[in-house]
Amino acid sequence: MRLTARLVFQSLLLLSLMWPGTDGVVQAGINVWTSNGPYGGKVAALAIDPSNPNIIYAGTSNFNEGVAGGAGVFKSVNGGANWSAINSGLTSTDVHALAIDPSSTNTIYAGTYSGGVFKSTDGGANWSAVNTGQDFVIAALAIDPLNPNTIYTASARAGIYKSTNGGANWTAVNAGLPRDTFGVFDWFQVVSIDPSNTNTIYAGSDTGLFKSTNAGGSWSSISTRPFMAAVAIDPLDTNTIYAGTDGVGVLKSTNGGGSWSAANTGLTSLDVRALAADPSNTDTIYAGTSVGVFKSTNGGGSWSAINSGLTSTDVHALAVDPSSTNIVYVGTNPGGIFKSTNGGANWTAVNTGLIGSDVRALAIDRSNLGTVYAGTSSGVFKSTDSGGSWGAVYTGLTNSFISALAIDPANTNTVYAGTRGGGVFKSTNGGANWGAVNSGIGAVNNGIAAQALTIDPSNTNTIYAGTGGGVFKSTNGGASWSAA
C-alpha cells in the first residue's frame with residue numbers, strides 16, 4: 001500500500017512537470033515530449049562567420065574527469081538570439097575547436113575530443129569525419145588564411161598535425177617538439193598562425209610555447225612557462241604576441257617570442273583560458289579566465305574586470321565580431337554564451353535553444369513542485385517555473401560533474417549534489433552556494449554513483465551515498481561520513 005502511494009505521488013509529480021501550466025510555458029502532455037532545457041552548458045569554442053557576423057557557431061563540451069560528452073555544434077543565424085543543434089553526421093559531440101574557411105565560409109571544421117576532426121561544406125547542415133592519418137583527440141584548430149586547404153591541429157599527447165588538402169589527409173609535424181619519459185608528446189592546447197607570414201606558427205602545450213618558421217617543418221622552444229592555453233597575435237604587428245597560461249597569467253612578447261614579460265596588472269586570476277584582440281584597435285585585448293572576463297585597452301599594460309551581467313564566470317571561449325568590434329561573445333561553463341554590444345561593459349545571456357549539458361540527475365522540491373534542479377556534467381541548474389526557464393547555480397561547486405541530487409524533504413532549501421570525483425556538496429540556500437561535505441569519505445571513494453544519494457525521510461540528517469568504495473552514511477547532514 002505504501003509503495004503504491006509512493007508510485008502514485010511520483011507519477012503526479014512527473015505529470016505536474018509535463019502538463020501545460022496556466023502560463024503556457026511548458027507545452028507537453030501524455031505521450032508528448034518537448035525539450036525543456038536547461039539552456040546553457042559548457043561552451044568551449046566559438047566562431048563567427050567573417051562574411052556574415054550574424055552567423056555564429058558554438059562548440060559544446062562536457063569533458064570532465066576523463067569522460068567525454070558534449071552536445072555537439074550549435075548555430076545561430078541572428079547574432080545569438082536563437083540557436084539550433086547542427087550535428088548530422090557528427091558522431092563525436094565533445095567539441096573543443098571550431099574553424100571557418102575564410103574564403104568559403106560554408107566550410108567549417110570541428111575538432112573533437114573523442115572523434116578527431118569533422119568537416120562540413122554546407123554551413124554545418126552535414127558533417128563527415130576527416131581523420132586519415134590523424135590522432136583522435138583534438139584540442140585546437142587553425143586554418144592558413146592565405147591557403148585555406150592548409151590546416152593545423154593541436155592534439156593531446158600526439159603533437160601537431162597538418163593537412164594540405166582540406167583535411168583529406170594528415171601528417172604529424174613534430175620535429176623538435178619534446179616527448180616525456182613515456183615517449184609521448186605534451187598535451188598541446190593551442191595552435192595559432194601568423195596572419196602576415198603563414199609559415200610562422202605557434203603551438204602551446206603543458207610545458208611551454210613552441211614556434212615554427214617553416215610551416216611546421218621544425219619547431220623550437222620560445223617559452224618554458226607551463227600550461228599554455230591561449231595565444232593572440234596582433235594582426236597589425238605580428239611580432240606582438242600574447243600568451244595565456246594556467247597559473248602564470250598573460251605573457252607578452254614584442255619580438256616574435258624572442259623574449260617575454262608578464263602582463264598581469266589588474267588580473268585577479270592567473271588561469272587564462274582564452275584571449276582575443278580587437279582587430280580594429282589591437283591595444284584592446286580580452287582575456288577569459290576562471291573568474292570572468294578582463295579587458296585591457298593599453299596592450300596588456302593593465303586589466304579591468306568586465307563581468308556585469310555575466311552570471312557564469314568560468315570562461316573558456318572568446319570571439320570579437322570583426323565588423324562591429326564592440327560586439328563580443330564569451331563561452332562559459334555552465335552558463336553557456338553571453339553577448340556584449342558595448343565592448344564588455346554589460347553582458348546578456350544568449351542561450352535560447354542551446355542545450356549544451358547532458359542531464360544526469362533531477363530533483364523536484366516537494367513543497368513547491370515548480371522548483372526543479374537538474375544535475376549535469378557541467379554543473380547544477382535550477383528552475384522555479386517547472387522548467388520554463390533555468391539558471392546555473394554553481395557557486396562553490398569545485399567539481400561540476402553532477403551524478404546525483406537529493407533535496408531535504410524537511411527543509412527544501414537544503415540540497416545535496418553528488419559528483420564524479422569530487423564527493424558530496426551541500427547547499428543550505430536553495431543552490432545559491434555550495435560547500436563540500438566529504439569528511440570520512442576519502443579521496444579514493446569520492447566518486448558518487450549515478451542517482452546514488454538518498455535521505456532518510458524519518459530523520460533527514462541521515463544520508464546515504466553510493467561510491468566506488470561502497471555505501472557511506474552520514475547522521476549529521478553530511479558533516480561526517482562512515483562506511484556502511
Taking the side chain as C-beta and beyond, is there a heavy-atom pair between [X] and [Y] under 4.5 Å?
X: Arg179; Y: Val184; result: no
X: Pro226; Y: Thr245; result: no
X: Thr395; Y: Trp434; result: no
X: Tyr109; Y: Ile100; result: no
X: Thr224; Y: Thr207; result: no
X: Trp83; Y: Ser76; result: yes
X: Val117; Y: Trp170; result: yes
X: Val248; Y: Leu270; result: no

Looking at [Y], is its backbone amide N or carbonyl O close enough to the side chain of [X] to form a donor-acceptor pair, meaning the two atoms are under 3.5 Å apart?
X: Trp187; Y: Ala158; value: no
X: Lys211; Y: Gly258; value: no
X: Lys162; Y: Ala215; value: yes
X: Thr289; Y: Gly292; value: yes
X: Tyr329; Y: Gly79; value: yes
X: Trp219; Y: Val173; value: yes
X: Thr153; Y: Leu141; value: no
X: Ser253; Y: Ser259; value: yes
X: Asn351; Y: Gly335; value: yes
X: Asn438; Y: Ile441; value: no

Do [X] and [Y] get their side chains close enough for a donor-acceptor pair, meaning under 3.5 Å?
X: Gln189; Y: Ser205; answer: no
X: Ser280; Y: Thr325; answer: yes
X: Ser114; Y: Thr112; answer: no
X: Thr332; Y: Ser312; answer: yes
X: Ser155; Y: Asp135; answer: yes
X: Asn429; Y: Ser427; answer: yes
X: Ser196; Y: Thr238; answer: yes
X: Asp144; Y: Thr198; answer: yes
X: Ser269; Y: Ser290; answer: yes
X: Ser51; Y: Thr105; answer: yes
X: Ser212; Y: Asn214; answer: yes
X: Ser324; Y: Asp321; answer: no
X: Thr284; Y: Thr297; answer: no

Over all heavy atoms of both residues, which pair between [X] and [Y] is shortest? Give the atoms and the distance, please.
X: Val95; Y: Ser61; result: O-CB, 3.7 Å
X: Pro235; Y: Pro279; result: CG-CA, 4.3 Å
X: Ile160; Y: Ala203; result: CD1-CB, 3.8 Å
X: Ala263; Y: Trp303; result: O-NE1, 2.8 Å
X: Ala274; Y: Ala230; result: CA-CB, 3.8 Å
X: Val231; Y: Ser192; result: CG1-CB, 4.0 Å

Under the side-chain contact (heavy atoms from CB on, under 4.5 Å) criterion, do Thr240 and Lys252 qualify, and how do the steps go?
-> CA-CA 7 Å; Thr240 298; Lys252 180 179 180 178; 3.9 Å; yes
Salt bridge (charged side-chain N to carboxylate O under 4.0 Å, His left out) partners of residues 274-289, not counting sequence neighbours, each pair once |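 Counting only pairs at least two positions apart or across chains, no salt bridge (charged side-chain N to carboxylate O under 4.0 Å, His left out) contact touches residues 274-289.
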What is the distance from atom [atom1] of [X] to atom [atom2] of [Y], rounded to the nearest 0.5 Å?
X: Phe118; Y: Asn87; atom1: CZ; atom2: CG; answer: 10.0 Å
X: Leu251; Y: Asn264; atom1: CG; atom2: CG; answer: 7.0 Å
X: Asn131; Y: Lys119; atom1: CG; atom2: NZ; answer: 12.5 Å
X: Thr132; Y: Asn169; atom1: OG1; atom2: CG; answer: 5.5 Å
X: Leu98; Y: Ser120; atom1: CG; atom2: OG; answer: 11.0 Å
X: Ser378; Y: Arg360; atom1: OG; atom2: CZ; answer: 10.0 Å

Start with the C-alpha distance between Val359 and Phe381, add both sets of side-chain angles, then the distance that settles side-chain contact (heavy atoms from CB on, under 4.5 Å), and finish with yes or no.
-> CA-CA 10 Å; Val359 177; Phe381 291 80; over 6 Å; no
Hey, which of Ile337, Val43, Thr313, Leu310 is the one that makes side-chain contact (heavy atoms from CB on, under 4.5 Å) with Val330?
->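 Of the listed options, the one satisfying the test is Leu310.
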Just wondering, are more than 12 heavy atoms of other shown residues or ligands nearer than 6.0 Å to CZ in Arg225?
->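 Atom CZ in Arg225 is not crowded, with 12 or fewer foreign heavy atoms closer than 6.0 Å.
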Do the charged groups of Asp314 and Arg273 touch, with an N to O distance under 4.0 Å?
->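 Looking at Asp314 and Arg273, the cut-off is met.
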side-chain contact (heavy atoms from CB on, under 4.5 Å) between Ile138 and Phe136, worked out = CA-CA 6 Å; Ile138 307 301; Phe136 278 8; over 6 Å; no
Parallel, tilted or perpendicular, as decided by the 30° and 60° cut-offs, for the rings of Tyr113 and His96 =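 Rings of His96 and Tyr113: parallel, as their planes differ by under 30°.
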side-chain contact (heavy atoms from CB on, under 4.5 Å) evaluation trace for Thr91 with Trp127 | CA-CA 9 Å; Thr91 56; Trp127 299 87; over 6 Å; no
